[in-house]
2 protein chains.
Amino acid sequence: MKSKENKDEYIVIIGCGRLGSHLARLLSKARKSVVVIDKDEHSFHRLTDEFSGFTIEADAIEIDTLLRAKIDRADVVVTTTNDDNTNIMIAQIAKTIYNVPKVIARLFEPSRQQVYEELDIQTLCPTILSAIALGDMIIGEEMGELK
Amino acid sequence: MKSKENKDEYIVIIGCGRLGSHLARLLSKARKSVVVIDKDEHSFHRLTDEFSGFTIEADAIEIDTLLRAKIDRADVVVTTTNDDNTNIMIAQIAKTIYNVPKVIARLFEPSRQQVYEELDIQTLCPTILSAIALGDMIIGEEMGELK
């Protein structure tokens, strides 16, 4: 695994919706090498001039697409589509076939979280994150321990 | 405005989707008084036994609904529906007509954030929050300053 500080860290983002495109922009600003995959070319309109990476218009469920994105050389793969099943399927391929060091899946249904973590796939659930953040804004305490 | 530590703080949540229901559960665990409004009775199935508040099945766009929820006595109103326009409309009513001390609107479209904040309505954008959290997970730095 490469160092955290390595500027050449290579990151593949699956899905260029609101979350994928915003993440791609943040990572570009942090001078990371980023490729974003989405099967809908219109989705790439969400990427602003700040995005300095590459885009691939194709279905990431297909191995050919992942190989075109050089998944075998990726340091990080993040799956951000709107479908939990798609996200976990691609995350599993990245982890078990291509041994990507860090794989993160967006997750809508929090009850599945443990299964993913047993596969060494990190998860991010925007609902839980947002509920905790709202809780903090409302009662000004650390809500994390209550989740 | 009541103290942060007041256990009798009264909170009205608009929308019982994933976010609204999860927040209602967190606030119940923190022993807050919570009322959740949603026009779809099925949405209340998301509330678990941990939820100790009340539910109102009605359209929160209607003033009558807000009065039934005793919005004029609320310390906090949070709008969590899936529609930005609905969220901001109810947030404005809560703030300008009923002088609710703290009003927070969920926001899908980040570009509108500044307008809301000029109205003294706090906003939470799950996309931005999640992108920053993913950025932190990936590069292990504080991404907030890059947003």
Side-chain angles (χ1 to χ4, degrees), chain A residues 3-7 9 11-13 17-32 34 46 50 75-80 101-110 122-147, chain B residues 3-7 9 11-13 17-32 34 46 50 75-80 101-110 122-147:
Chain A
S3 146
K4 277 183 182 178
E5 297 305 317
N6 190 338
K7 292 288 180 200
E9 200 171 36
I11 300 159
V12 177
I13 299 174
R18 280 200 185 93
L19 180 57
S21 59
H22 201 84
L23 177 64
R25 190 168 71 93
L26 285 185
L27 293 172
S28 278
K29 282 171 104 173
R31 289 181 294 161
K32 300 294 173 186
V34 181
R46 289 194 175 93
E50 290 165 320
D75 299 285
V76 184
V77 167
V78 191
T79 62
T80 73
K102 183 177 284 199
V103 178
I104 309 171
R106 169 205 231 165
L107 188 63
F108 285 97
E109 185 43 68
Q122 292 177 263
T123 54
L124 179 112
C125 180
T127 302
I128 291 179
L129 195 67
S130 299
I132 292 171
L134 283 172
D136 282 345
M137 290 164 81
I138 292 167
I139 60 177
E141 291 166 9
E142 186 48 66
M143 295 292 294
E145 62 205 51
L146 291 170
K147 74 178 176 180
Chain B
S3 143
K4 276 180 179 177
E5 297 305 318
N6 189 340
K7 292 291 181 198
E9 200 171 37
I11 300 159
V12 177
I13 299 174
R18 280 199 183 94
L19 180 56
S21 60
H22 201 85
L23 177 64
R25 192 169 68 90
L26 285 185
L27 293 172
S28 278
K29 282 170 106 172
R31 291 182 291 159
K32 299 294 173 186
V34 181
R46 290 194 174 93
E50 290 165 318
D75 299 286
V76 185
V77 167
V78 192
T79 61
T80 73
K102 183 177 283 197
V103 179
I104 310 172
R106 170 204 230 167
L107 189 63
F108 285 98
E109 185 45 67
Q122 291 177 266
T123 54
L124 180 112
C125 180
T127 302
I128 292 179
L129 195 68
S130 299
I132 293 171
L134 283 172
D136 282 344
M137 290 164 82
I138 292 167
I139 62 178
E141 292 165 11
E142 188 47 67
M143 296 291 292
E145 62 204 54
L146 290 171
K147 75 179 172 177

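In the text below, chain A, chain B and the rest are named by the order of the sequence lines, each starting its count at 1. Computed over heavy atoms, backbone and side chain alike; hydrogens, waters and symmetry mates excluded.
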Enter the distance from [X]:[atom1] to [Y]:[atom2] here, rounded to the nearest 0.5 Å.
| X | Y | atom1 | atom2 | value |
| --- | --- | --- | --- | --- |
| B:L27 | A:I139 | CG | CD1 | 6.0 Å |
| B:C125 | A:R18 | SG | CZ | 8.0 Å |
| A:L23 | B:T127 | CG | OG1 | 11.5 Å |
| A:I138 | B:K102 | CD1 | NZ | 7.5 Å |

Out of B:L19, B:I132, B:L129, which residue meets the side chain to side chain contact (heavy atoms under 4.5 Å, CB included) rule with A:L129?
->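 The option that passes is B:L129.
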Relative to chain A, which segment of B:T123 carries a heavy atom at a distance below 4.5 Å: side chain, backbone, both, or neither?
->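 Only the backbone of B:T123 comes within 4.5 Å of chain A.
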Tell me, do B:L26 and A:L134 make a side-chain contact under 4.5 Å, heavy atoms counted?
->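 Counting from C-beta outward, B:L26 and A:L134 never come under 4.5 Å.
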